[in-house]
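Below is one structure, written out as structure tokens; comments come after it.
Order of the sequence lines fixes the chain letters, A, B, ..., with proteins taken first and strands second; residue numbering starts at 1 for each chain.
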Number of protein chains: 2
Amino acid sequence: MRQYPKAWLQGASFGESIACQLRLQIIDGTIKAGEVISENKVAADFGMSRSPVRDALKTLSNEGLIRLERMGAIVLGMSLGDVEELYDVRYLIESFAQQRIAGEDNAKLLALLRQTIDKMELAVKHQDAETFSYLDFSFHEAIVKEAKHRRVQHLWNSIRQIVLTVMLITTEEVFSEGEARILSVIDKHRTILRALETRDVGVIGQVVREYFADSRVTLHISFQ
Amino acid sequence: MRQYPKAWLQGASFGESIACQLRLQIIDGTIKAGEVISENKVAADFGMSRSPVRDALKTLSNEGLIRLERMGAIVLGMSLGDVEELYDVRYLIESFAQQRIAGEDNAKLLALLRQTIDKMELAVKHQDAETFSYLDFSFHEAIVKEAKHRRVQHLWNSIRQIVLTVMLITTEEVFSEGEARILSVIDKHRTILRALETRDVGVIGQVVREYFADSRVTLHISFQ
DNA sequence: CTGTGTATACTTGTATACAAGTTTGCTATC
DNA sequence: GATAGCAAACTTGTATACAAGTATACACAG
């Protein structure tokens with residue numbers, strides 16, 4: 001039974017906590033697609049009232065992980081195909097963001113990205129998959145943020161928790177597969193960083209395409 | 001004081017109704033950006049309890065129209081720039097969908113789109129802006145649906161109510177500007193239809209680009 | 001055995017109550 | 001007059017209660 005990192009729940013309400021826990025269980029398959037969950041049932045499981053559960057279910061519904069119906073919420077789950085679709089959307093968002101910031105002076109962003117990669121190496125040294133996945137996530141989120149496009153940022157927000165949770169699961173898997181795999185993940189981020197440093201729209205576009213094409217391949221190896 | 005069409009609220013809960021009403025008021029500027037609204041205040045305005053209002057505010061927060069904070073929700077509003085950003089996102093989603101269905105046999109979709117255009121002409125004849133805006137919306141939604149991409153469909157869902165509401169407002173404006181303007185809107189949809197009929201990825205991509213480039217121009221004329 | 005109708009248990013949507021925390025504004029003191 | 005401190009009024013988050021609607025299971029009639 002996997003636990004959602006408590007450190008990621010700082011200051012979260014019960015409703016948010018429940019959403020994170022359920023999200024993790026749905027994505028990692030503990031709660032299977034097709035299952036029907038009711039507010040009362042979840043509330044009993046977590047030992048809380050329906051109010052925060054209701055919040056959580058609405059959140060998960062907005063993320064597309066469940067579908068709210070008259071009698072109970074139907075779990076839609078997250079198959080391998082769904083993760084691939086998630087990568088399609090990430091590509092849409094992240095390539096848009098990168099194209100948008102390509103020509104600009106992003107010294108601050110680049111410094112942050114370099115720092116993040118350094119911390120990744122440290123996390124590898126400490127065999128800390130949890131921190132690593134968060135850093136991986138932060139790397140991509142920093143780029144999206146830099147685009148300063150409210151609506152696209154919002155698109156990102158609507159999938160960010162799913163992305164983070166998928167990364168948590170896949171990173172644990174990658175860590176168990178030996179250092180070579182992990183280092184290649186870091187290297188891919190360095191490649192993105194170098195591309196951004198060129199400020200060349202064409203180079204950046206090409207690198208982002210390759211990043212997601214490659215991620216799709218390794219996805220099949222590591223997910224489920 | 002504009003009213004959200006009651007016909008669009010069939011079977012909606014109070015919570016959804018409140019969300020639609022508030023959304024409309026925020027987008028048309030009745031509720032201004034920067035304003036702070038509290039659950040109690042809104043509940044009193046609508047003569048309901050906090051429960052459905054809470055639902056509505058969470059919905060609007062998920063749509064990026066307000067930001068939930070400790071003490072009250074801050075209205076983010078929808079400026080001209082925000083509508084432009086909305087079109088950016090629509091372009092991302094709709095061009096993705098159209099590219100995806102480009103090569104396939106879409107006889108059923110095309111028939112539906114033709115039918116929708118016919119109904120548009122009827123709505124013009126009856127000077128029915130409300131119906132027209134809904135048809136316009138349905139045209140684009142049908143295309144997104146046809147792509148059969150759950151995650152992208154979900155992206156669309158997260159903006160669909162905003163898109164519909166913006167269309168309602170702009171269509172009323174367009175209708176007031178005379179028949180020529182309206183007919184040009186219909187013509188733009190016919191152009192998309194013809195492009196889809198060619199099944200040529202290049203042609204379709206070009207037409208979609210032009211559609212949104214043009215929409216952006218006419219947007220400045222009609223919005224606010 | 002099959003089909004129908006009803007009672008029951010369970011579901012959500014909404015209303016209300018309470019607790020904990022934040023803001024605001026007044027008062028008292030310097 | 002200015003400032004510190006306190007009290008009151010607001011806020012959300014959570015718990016609970018109730019109503020209306022839905023599915024289910026069982027009994028009964030054919």
Item to complete: Under 4.0 Å from any atom of DNA chain D, heavy atoms only: list the residues of residues 8-18 of chain A that qualify, in numerical order.
Response: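 A/S13, A/F14, A/G15 - these, ordered by number, are the residues of the stretch whose heavy atoms sit under 4.0 Å from the strand.
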[X]: salt bridge (charged side-chain N to carboxylate O under 4.0 Å, His left out) partners, not counting sequence neighbours:
| X | answer |
| --- | --- |
| A/E39 | A/R50, A/R54 |
| A/R190 | A/E121 |
| A/K188 | A/D214 |

So [Y] and [X], do their side chains get closer than 4.5 Å, heavy atoms only?
| X | Y | answer |
| --- | --- | --- |
| B/I162 | A/R151 | yes |
| A/F137 | A/E141 | yes |
| B/T59 | A/K58 | yes |

[X]: partners by ring pair (Phe, Tyr, Trp, His ring centres under 6.0 Å), with sequence neighbours left out:
| X | result |
| --- | --- |
| B/Y134 | B/W8 |
| A/H149 | A/F96 |
| A/Y87 | none |

Practice prompt. With sequence neighbours excluded, give me every side chain to side chain donor-acceptor pair (under 3.5 Å) pair touching residues 96-110 of chain A.
Written response: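 Every pair satisfying side chain to side chain donor-acceptor pair (under 3.5 Å) with a residue in residues 96-110 of chain A: A/D105-A/R199.
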Discussion item. Going 5' to 3' along DNA chain C, which are the first and last nucleotides with any atom under 4.0 Å from a heavy atom of chain A?
Written reply: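 Nucleotide range with atoms under 4.0 Å of chain A: C/dC10 to C/dT14.
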Worksheet item: Under the side chain to side chain contact (heavy atoms under 4.5 Å, CB included) test, which residues partner A/K119, sequence neighbours left out?
Response: A/Q115, A/L135
Worksheet entry | Neighbours of DNA chain C within residues 46-55 of chain B, by heavy-atom distance under 4.0 Å | B/M48, B/S49, B/R50, B/S51, B/P52
Worksheet entry | Stretch residues 30-44 of chain B: residues that reach within less than 4.0 Å of DNA chain C through a heavy atom |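 Going residue by residue through residues 30-44 of chain B, none turns out to have a heavy atom under 4.0 Å of DNA chain C.
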Worksheet item: Just wondering, are more than 12 heavy atoms of other shown residues or ligands nearer than 6.0 Å to CZ in A/F14?
Response: no
